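Keep in mind that what you see is a predicted model, and the values were worked out from it rather than measured. Proteins come first, then strands; the chains are lettered A, B, ... in the order of their sequence lines, and each starts at number 1. Reckoned from all heavy atoms, side chains included, excluding hydrogens, waters and symmetry mates.
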Amino acid sequence: MEYRTEAHTFTAAATYKPMARLGMNANLSYTKGRGNITDLTFESMYPTGDVKLDFDTSSINPNQPYLYDVAYLNEISDYSNLDFTQLDISVGVNYRLSKMVGLGLNYFYTDFEDDDPYVYGEQDVTVQSLMGFVTFSF
Amino acid sequence: MRKIGMIITVLAAALLLSAAAFAEDKAVEANISIGGSWTLDDIDTDEEGAKGTEYMTPVENNAYIDLKGDIKAEKDGIAFEAEGHYQFVDEQEYKAGLDLRRILTLKTDYNRFIHRLDHDELENLEAHVFSTTGAGLFYDFNGDGTNNKNDEIIGSAAVYHSDYGAGDDYYLMRAEWKNEAKLHIPQIPGLTIGFNHRFEERKGLEQARTMSKCSACHVVADSKSIDEETNDYMPSVTLRTGPVVLNYTFMHREFDDQSEEMTNMYNALAASHLGFTNRLQFDDRTGALPYSSTPDSEKDMHTFKARWNVNRHNTFTAAVVYSQITNTSVDDPYDPLNGGYGDEIEMESTTMSAKWHSRISSNLSLNVHGRYQTIDNDEVYIDVVDRTNGDGTTLGDGYATSTLGAEEGLGTGYWDFTRRSGYDLDLTTLGFDVAWRPMLGVTIRGGYEFHYEERDNAEYHHVPDDTTEHSFKLSGDWRVNRTLKLGLAYRLELVDDPYSLEEAVCTPDGSYGEYGGPPGSLYDYSRSYDPAIYSQRVGSRSNQPNSAHEFRFKGSWMPTAILSANFNAKYRTAENDDIDGNEWQQDLFTGGVNVVLAPNDKVSFMTGYNYFNDKYEAMYCIAIYDG
């Protein structure tokens, strides 16, 4: 059995202050993550490989089917894959009206794409929000 | 809560009085930010547990107020500072400090936030081929269209699931409030009296799970309301006299769990035929039983630390810590199924540690350290519950035979036992580190650590009696020139008998536990489990390595005043090839680079990339027992 997880993360940020009163900033973060099980294969304990078709002829009851087979677990790998991307972006601007008063505006964007839902179901989400504020300094 | 209320009142009064004292002082500096936020996308309920918004409390509100502020003031040796940020009732943080001429200092720090939790839909259990129902699948072997005596039901000894909290969103609000007071008495220089308090609160809704067993594994999940409080009270005294510093700290912790009490009615036995012996200790006839509970507990800890600055080149530090943790939720009359033990259960731990630091020369320094810890837990007597027989025959406690051993002729109480803790341990650590600067810009470090772990009750838990670890490390930093710095490090871990579970799995030689069919009885599968399933488990299994190599590389480059870059990489390979052929190997690589460009005062750029790759290869050979 092989279990492998892999992630790439890229980040970038920039600030720009064209004048003393005005400042701008931008941030970006992108993550791509994957995980999967491979080579998880149990050989069936029974001749045909399908417990539903085999009888335990060594049993006192010749019609008794086999109850246990390690091959039951071969579907585990299909329920163990991870594949997601997350993108976060924020952009902000602030402007100082006077020594005491300033204004600001920020925009936030988050997108999470779950391409292979795992134990917790599909977790896709996209959020955008806008934030404005005024500051007083004294 | 009364104690907390008193602390709040005292601190609030102290902070308000100090703020008032500064009110007319021009030295006061303050900033206030008033804002609002609007969420542009609606978040539906299915998305609130999403990873992308795991810690984004406000997104579930279309609009909210954002308030932020800070204040600083100083006058006549009295300093006060405070800051706060309010976004939402469950997204707040505040901090404040008051210094009264360095005689009395007060600090307080509070924050609370929401953590969204995942909701396990249990569908991963469907990786098992028989999982849709506890009744199993009807397979008409003889083609008569009738299930005769359950002969043609297969897969009933499998797994199925019920999520009674389906659709619920899980989250926990965590709040922590820390307070610190220090008093320096001017008449007794070197003496500091302190008192710290920490309050932690966890409230919300999370998923609780339990499972019925036999004949199907019925995994059940439900929503549980969480309400936990932890209070730490920590008085301390520190005395500095000449080259010696002595400190004593006492901590009393109270953990109080007022969470919802979860109960579950466990499944009835799916008997294959009349007279099937019921060996269950509890089922639907027992009534609802508790699960997923966290006991209340108390912890008392005494810490004594000493530091001796022997001379300019040598420092010696030592510490002794004694702690006692008590489970206070089990003193109800003895009732194994409902958690009553008739007494409280305690754990004791004593730790002694020492460290010697010596600066042998301007280019060479040495650290030698040692630590010993012993942990002792109470033993717990387990009265295994004997039940009424499944077909109505009463064979309970007090009878000559029990349901658990009736057919084998075992008497009532045969399976009772004393549970000896797996955490009765003696831990010893010894090591040293050396740092050497052979030339300007070059530093070489090396070290060795020996760790020995002895388990008092190993034989009862099928784990190794002891584990011995040797760790070696070697690293070097090289300042190549004014623009470039490089660093390399290597670490080797060698472990003899790493922690493992013995008799856990089959050997990987192709053999496996196989249902052999019981002698003398058509449907009694029970006797075949021991020779055919359990006894096949002779191999050990461990997730701990017996050898590991780790390489690290780091560097920084600053060719000009406006450009800088740093990069790092780590490779770790670990394996365990000493567990009866069930070997595994892990290869982990991480690496990253960050670049910062600031061409002038008005513009700056930063970019970075990180890569993570973890590959784990393992041999599995499992004895299947699912029913």
Checklist entry - What's the spacing between Y3(A) OH and Y616(B) OH if we round to 0.5 Å? => result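 Y3(A) atom OH to Y616(B) atom OH measures 12.0 Å (nearest 0.5 Å).
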
Checklist entry - What distance separates D66(B) CG from M131(A) CE, expressed to the nearest 0.5 Å? => result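 Here the rounded value is 3.0 Å.
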
Next on the checklist: Does any backbone or side-chain atom of T110(A) lie under 4.5 Å from a heavy atom of chain B? Answer side chain, backbone, both or neither.
Outcome noted: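 Side chain of T110(A) only, per the 4.5 Å heavy-atom cut-off to chain B.
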
Checklist entry - Of the listed residues (F108(A), F133(A), F84(A)), which shares the most heavy-atom pairs with chain B below a 4.5 Å separation? => result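 Sorted descending by pairs with chain B, the first entry is F133(A).
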
Next on the checklist: With chain B as the partner, which of T135(A), T5(A), D39(A) has the greatest number of non-hydrogen pairs under 4.5 Å?
Outcome noted: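 Most heavy-atom pairs within the cutoff with chain B belong to T5(A).
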
Next on the checklist: At under 4.5 Å between heavy atoms, what parts of residues 13-34 of chain A are in contact with chain B? List them by residue number.
Outcome noted: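 A13(A), A14(A), T15(A), Y16(A), K17(A), P18(A), listed by number.
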
Next on the checklist: Tell me if a side-chain donor or acceptor on T607(B) pairs with a main-chain N or O of T11(A) at a distance below 3.5 Å.
Outcome noted: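 At least one qualifying donor-acceptor pair exists.
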
Checklist entry - Is the side chain of S37(B) donor-acceptor paired with the backbone N or O of L130(A) at a distance under 3.5 Å, no angle test? => result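 Confirmed, S37(B) side chain pairs with L130(A) backbone.
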
Item to check | CA sep, side-chain torsions, deciding dist, call: N613(B), R4(A), side-chain contact (heavy atoms from CB on, under 4.5 Å) | outcome: CA-CA 7 Å; N613(B) 190 326; R4(A) 182 177 175 183; 3.0 Å; yes

Next on the checklist: Which heavy atom of F136(A) sits nearest to which heavy atom of I34(B), and what is that distance?
Outcome noted: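 Minimum heavy-atom separation between F136(A) and I34(B): CE1-CD1, 4.2 Å.
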
Next on the checklist: Atom CG of residue position N600(B) - does it have more than 12 heavy atoms of other residues, nucleotides or ligands inside 6.0 Å?
Outcome noted: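 For N600(B), atom CG is crowded (more than 12 foreign heavy atoms under 6.0 Å).
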
Item to check | Qualifying residues under side chain to side chain donor-acceptor pair (under 3.5 Å), relative to Q585(B), sequence neighbours excluded | outcome: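 Here the qualifying residues are D587(B).
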
Item to check | ring pair (Phe, Tyr, Trp, His ring centres under 6.0 Å) involving Y611(B) - partner list, sequence neighbours excluded | outcome: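 By the ring pair (Phe, Tyr, Trp, His ring centres under 6.0 Å) rule, Y611(B) matches H8(A).
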
I'd like a table of donor-acceptor pairs (distance under 3.5 Å, sequence neighbours excluded) in which one partner is a side-chain atom from residues 93-105 of chain A, with atom names and distances.
from	atom 1	to	atom 2	distance (Å)
R96(A)	NH1	S98(A)	O	3.3
R96(A)	NH1	K99(A)	O	3.1
S98(A)	OG	M100(A)	N	3.2
S98(A)	OG	V101(A)	N	3.2

Next on the checklist: Shorter than 4.5 Å, heavy atoms on both sides: which option in N31(B), I32(B), V603(B) has the most such pairs with chain A?
Outcome noted: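 Ranked by contacts with chain A, first place is I32(B).
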
